[in-house]
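Chain letters run A, B, ... following the sequence lines, proteins first, then strands; residues in each count from 1.
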Amino acid sequence: MSRYSAAEIEAKWQEAWVTSETFKAVRDESKPKYYVLEMFPYPSGKLHMGHVRNYTMGDVIARYKMSTGHNVLHPMGFDAFGMPAENAAMASGGHPKDWTYANIDTMVEQMKPLGLSLDWSRMFATCDTEYYGQQQALFLDMLDKELVYRKNAVVNWDPVDMTVLANEQVEGGRGWRSGALVERRELTQWFFKISDMSEELLSSLDDLENWPAKVRLMQENWIGKSRGLQFGFERVDGEEPITVYTTRPDTLMGASFVGISPDHPISKELEEGNPELAEFLAECRKGGTTEEAIETAPKLGYDTGIRVKHPLNPDWELPVWIANFILMDYGTGAIFACPAHDQRDLDFCRKYDLPVIDTFFALDNPTPVEAEAFVPPKSEKVKWVNHFAGLDEATGEDAINATVDFAEKAGWGEGVTKYRLRDWGLSRQRYWGCPIPVVHCEKCGVVPEKKENLPIELPYDEGGKPIDFSVPGNPLDRHPTWRDCSCPTCGAPAQRETDTMDTFVDSSWYFARFTAPRATTPTDLVEAEYWMNVDQYIGGIEHAILHLLYSRFFARAMNITGHLPEKSKEPFDALFTQGMVTHAIYKNAERTDENGRAIYHYPNEVEERDGETVVKETGEKITVIPSAKMSKSKNNVVDPLAIISSYGADTARWFVLSDSPPERDVEWTASGAEASAKHLARVHRIATDVADMPEGTGQGDEDLLREMHKAIRDVTLGVESFGFNASIAKLYAFTNTLAKSKAGKDAKREATRTLAQLMSPMTPHLSEEIWGMLGGEGLVIDAAWPKADDSMLVEANVTLPIQINGKRRAEISVPKDMPKEEVEKIALAHEAVAKALDGAQPKKLIVVPGRIVNVVI
RNA sequence: GCCCGCGUGGUGGAACGGUAGACACAGGGGACUUAAAAUCCCUAGCUAGGAAUAGCGUGCCGGUUCGAAUCCGGCCGCGGGUACCA
């Protein structure tokens, strides 16, 4: 009899799996396939608990599916382009490429001991030339199908560093390095025409039955379909009318001004030769490009002096204002404001002393609007003041429809459908990304590179010297030779595009590439036809909108360009969003770094002292920021390797799955890990004890097997419904039953072997060990998943709680199928009920068979 | 600001609208041991009570229902996303 040694066991079985090529995915038409995919990681160089949790969940599914006869594809790769590599090069020298590949090596080394059922032969990183070369081919095909185009868009501009900043690099409206006030500046950029697919991407959401409802709802809101009225306001000066779009045309009688975006063509036209307006617009352009920054900025307005005529009353003139909260990207970039029924418009009108006109009131409350706009739900009936289409009492919805009809009949407006979804800007003015394969020729203009010239590789050096990343700006842009090329069309000297692609492009098709990772085209249709779609996709809820929407777009684009079959337009059949692993952030309360920025400490650098959290070494006080997403920049990451090296991978896997429901965030605590280790050692001990028992039968053999079948049923249900914590709770309970059972060897061996099988998706190494110890044939991973015997699951009696007025007062045990009348009799005869009734008749008696009895007195 | 979630004992959490707190952690008590570790057994929401038991209890306020942690409305707090973090 030996003690449980995770280190020995785990090495042994991992080797066995490698030797038998257990996890190598090979196309096999005779078996149903199953493709499990966890969102691939960014190679930060440190595996953290969130990764372990994510991959363990995928592994449980993958191993379970193998046990149920599926041919499983379970690949892994790295989302390897992106800013952190350039930041690292900027901060401590070195090259993004070297940094990234070193990190990938480290992470693979950290992942392998977990014993995940991954097909490592399919691994790739998005920064592999092989991968991004195929991405460039894909881009050219999309360009050919007119899914890509160029237009102007705004970026965050740092006027001191003379460089474009990511939103993350703007802190409080200032550039993170220079500290300069950031401004919005226009640049010509490449765009994917995702907005052409707005309706398709919206309506197809209904078919994604195995996606979380919240994700579908978030995408629906993001796409933002709206029906409204589009019409022109005629200008008093006779110039071109101003076209506005509104979703509340019913409030037209409450219009107090017409508002246009600071980026509206009229704003730009007026700006020339008007220094005062130019200054105002410069003010509007201050700050970052995020929706949050724009929405929360103080309201600013400027009266252009232009006057327009109200469409229903030509004598009614409205002023035209430029307002900073109107977005050029949405609708027509121009609106009419109805302050009585829109808080933002109201705030603006109060600030600039513009009129507020009520157009409807609540049915029971005709109080005019003062400081708060009256914005009832569109489905609520309201009383109209003077509705031009003749309405008196009507809901907002009905009024909108009536107004659109009215305007269309009168011929001054038309009902139109618009979407909030904007085209996807993919240009990045950065080095560490996939180069956009186009060439700028003086004669031919913007020309796509020839496919035979792909891949367009990133240069490693500049002019024989290492690239200097400490200089702000894009190294490709200032590279002495890389830009030079000849025009693919006319052969004249030309220059390469120096922008690289958004890293969301890389992650929008990797799932397809995994089906044929070494193909010399983006995909291999035979392989894609077999392996697609992803049967189960698993990842963080933070990707609910962008990554998943972009991937859905790409799958469609890849179908159009012939790289994916029709059936893969929705690439992810089922989606599960796991919660994040969170941890308190420890911020140094006594000092900052030399640049005045906060210092964050790792969890193992701090301790509790006299009720205060302090830095172990220095005793400095710490401000504890509770429960936030683990993030490298905040240093609140817990290293899973410590747990693996002291307790083993099975303990780490068991621990991250237990206790907490997979979809919820978990706060990391170290205390539970030891308990998991103890439990696994206990299971191992029970198994060795059973192996050493003398043969034969014992007491309660059948009871044990009955419990075993219940465990099979409950654990299987848990695994299939992502209730891993529920499965584990059941496994604890069954282990307790097994430990206490006085059954004989035959029954105990069967029960223990089944326990090992049921645990095998979570603790594969320990399970293999026990399986072998108890005479299981071959590997447990190759054994068929146990089936619960229904005849062993029937219960003769049920316990029914008896409530009096909804409060539990007693319980009775009755045969499961006892008729309602019988149950009533027994319940009424119960001492507690009789006492409460005191001879009277109950007002009501509710019997839910097999569930509950409620006596209402 | 806007969109989407979440909120239950000391802690992680369980609970098809039907016995709130399964399972586990930390705690308390005990057994074994010269002692400790390991292991095993018992106990445990809060308040009152020796106990039986009673009252209270799922962020707060209100509603629907025979019955609400669960459904609806309104607040509060926390988290995610907000189109150049991935």
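The A:Arg422 side chain lies nearest to B:rA83 when the options are B:rA83, B:rA86, B:rG80. Listed nucleotides: B:rU19, B:rG80, B:rA14. Nearest to the side chain of A:Pro801: B:rU19.
Taking atom OH of A:Tyr330 as the reference point, atom P of B:rA83 lies 17 Å away to the nearest angstrom. Separating the CG atom of A:Leu717 from the C1' atom of B:rA15 is a distance of 14 Å, rounded to the nearest angstrom. Separating the CZ atom of A:Arg552 from the P atom of B:rA83 is a distance of 20 Å, rounded to the nearest angstrom. As rounded to whole Å, 16 Å separates atom C1' of B:rC6 from atom CD of A:Gln578. Distance, A:Leu201 CG to B:rA83 C1': 15 Å, rounded to whole Å. When the P atom of B:rA15 is taken as reference, atom CD1 of A:Ile852 falls 17 Å away, rounded to whole Å. Separating the NE2 atom of A:His830 from the P atom of B:rU19 is a distance of 17 Å, rounded to the nearest angstrom. Atom CG in A:Asp714 sits roughly 13 Å away from atom C1' in B:rA14 (whole-Å rounding).
Residues passing the ring-ring contact (aromatic ring centres under 6.0 Å, His included) test with A:Trp190, sequence neighbours excluded: A:Phe139. Every residue meeting the side chain to side chain contact (heavy atoms under 4.5 Å, CB included) condition with A:His543, not counting sequence neighbours, appears here in chain and number order: A:Met39, A:His547. Considering only residues two or more places apart in sequence or on other chains, A:Glu220 meets the salt bridge (Lys or Arg N to Asp or Glu O under 4.0 Å) condition with none of them. Every residue was checked against the ring-ring contact (aromatic ring centres under 6.0 Å, His included) condition with A:Phe78, not counting sequence neighbours, and none meets it. Residues that satisfy the side chain to side chain contact (heavy atoms under 4.5 Å, CB included) test with A:Asn103, not counting sequence neighbours, are A:Pro43, A:Trp99. The salt bridge (Lys or Arg N to Asp or Glu O under 4.0 Å) check on A:Arg350 picks up nothing, with sequence neighbours excluded. Under the ring-ring contact (aromatic ring centres under 6.0 Å, His included) criterion, A:Phe348 pairs with A:Phe257, A:Trp321, A:Phe325, A:Tyr352, not counting sequence neighbours. Looking at residues two or more places apart in sequence or on another chain, you find no ring-ring contact (aromatic ring centres under 6.0 Å, His included) involving A:Tyr42.
Distance check on atom C1': B:rU65 versus B:rC4 gives 29 Å, rounded to whole Å. On the P atoms, B:rG73 is 25 Å away from B:rU19, given to the nearest whole Å. Distance noted for atom P between B:rG62 and B:rG13: 28 Å (whole Å). Nucleotides B:rG45 and B:rG10 are separated by 10 Å at their C1' atoms, to the nearest Å. Across B:rA44 and B:rG21, the matching C1' atoms stand 12 Å from one another, rounded to whole Å. Rounded to whole Å, the P atom of B:rG9 lies 14 Å from the corresponding atom of B:rU70. When the P atom is compared between B:rG57 and B:rG67, the two are found 16 Å apart, to the nearest whole Å. Taking atom P on both nucleotides, B:rG7 is separated from B:rA31 by 43 Å, rounded to a whole Å.
Looking at heavy-atom distances under 4.0 Å, A:Gly425 makes contact with sugar-phosphate atoms alone, never a base. Across all strands, A:Gln169 comes closer than 4.0 Å to no nucleic acid atom at all (heavy-atom distances). Note on A:Val164: a base of the nucleic acid sits closer than 4.0 angstrom, heavy atoms only. Backbone-only contact: A:Thr290 has heavy atoms under 4.0 Å from sugar-phosphate atoms and none from a base. Nucleic acid contact class of A:His543 (heavy atoms, under 4.0 Å, all strands): base. Counting non-hydrogen atoms under 4.0 angstrom, A:Phe504 reaches a base of the nucleic acid. Among the atoms of the strands shown, none is found under 4.0 Å from any heavy atom of A:Val853. Residue contacts shown for A:Leu421 include a base, since a base heavy atom lies under 4.0 Å away. Among the atoms of the strands shown, none is found under 4.0 Å from any heavy atom of A:Glu86. A:Trp424 comes within 4.0 angstrom of no nucleic acid atom, judged by non-hydrogen atoms across all strands. In this structure, A:Lys843 reaches neither bases nor backbone, as no heavy-atom distance under 4.0 Å exists between it and the strands shown.
Between A:Tyr131 and A:Tyr510, the ring center distance fails the sub-6.0 Å criterion. Taking the six-membered ring for Trp and the full ring otherwise, the centers of A:Tyr550 and A:Trp509 sit at least 6.0 Å from each other.
Distances shorter than 4.0 Å separate some side-chain N or O of A:Thr503 from OP1 or OP2 on B:rA86. The phosphate of B:rG7 (OP1 or OP2) has a side-chain N or O of A:Arg664 nearer than 4.0 angstrom.
For A:Lys710 and A:Glu707, the salt-bridge test passes: some basic side-chain N is under 4.0 Å from an acidic carboxylate O. Salt bridge A:Arg420/A:Glu291: present, at least one basic N to carboxylate O contact under 4.0 Å. Under 4.0 Å is where a charged nitrogen must lie from a carboxylate oxygen, and between A:Arg428 and A:Asp502 at least one such pair does.
Of the inter-residue distances, the one linking A:Asp499 atom CG with A:Ser427 atom OG reads 4.5 Å to the nearest 0.5 angstrom. A distance of 9.0 Å separates CG in A:Asn725 from CG in A:Leu657, rounded to the nearest 0.5 Å. Residue A:Thr247 holds its OG1 atom at 12.0 Å from NZ of A:Lys418, rounded to the nearest 0.5 Å.
Nearest approach of A:Lys351 to A:Lys299, heavy atoms of both residues: NZ-O, 2.5 Å.
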If you restrict it to nitrogen or oxygen atoms, what contacts under 3.5 Å exist between nucleotides 21-24 of chain B and the protein, and what is each distance?
| from | atom 1 | to | atom 2 | distance (Å) |
| --- | --- | --- | --- | --- |
| B:rA24 | OP1 | A:Asn736 | ND2 | 2.9 |

Using the 3.5 Å cut-off, write out each protein N or O paired with an N or O of nucleotides 62-66 of chain B and the distance between them.
| from | atom 1 | to | atom 2 | distance (Å) |
| --- | --- | --- | --- | --- |
| B:rC66 | OP1 | A:Lys844 | NZ | 3.4 |
| B:rC66 | O2' | A:Asn854 | ND2 | 3.3 |
| B:rC66 | O2 | A:Asn854 | ND2 | 2.5 |

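In textbook terms, a nucleotide whose glycosidic angle is within 90° of 0 is syn, and B:rG9 is one such case.
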Where does RNA chain B pair, written as one dot-bracket string 5' to 3', with Watson-Crick or G-U pairs under 3.5 Å, ( ) inside the strand, [ ] for crossing pairs and | for another strand? (((((((..(((.....[....))).(((((.......))))).((((....))))..(((((..]....))))))))))))....
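Each of A:Lys740 and A:Leu217 lies near RNA chain B, and the nucleotide nearest A:Leu217 is the one positioned closer to the 5' end. The nearest heavy atom of RNA chain B to A:Leu426 and to A:Ser676 marks one nucleotide each, and the one closer to the 5' end goes with A:Ser676.
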Heavy atoms under 4.0 Å is the rule here; annotate nucleotides 51-57 of chain B 5' to 3' with B where the base is hit, S where only the sugar-phosphate is, and - elsewhere. ----SS-
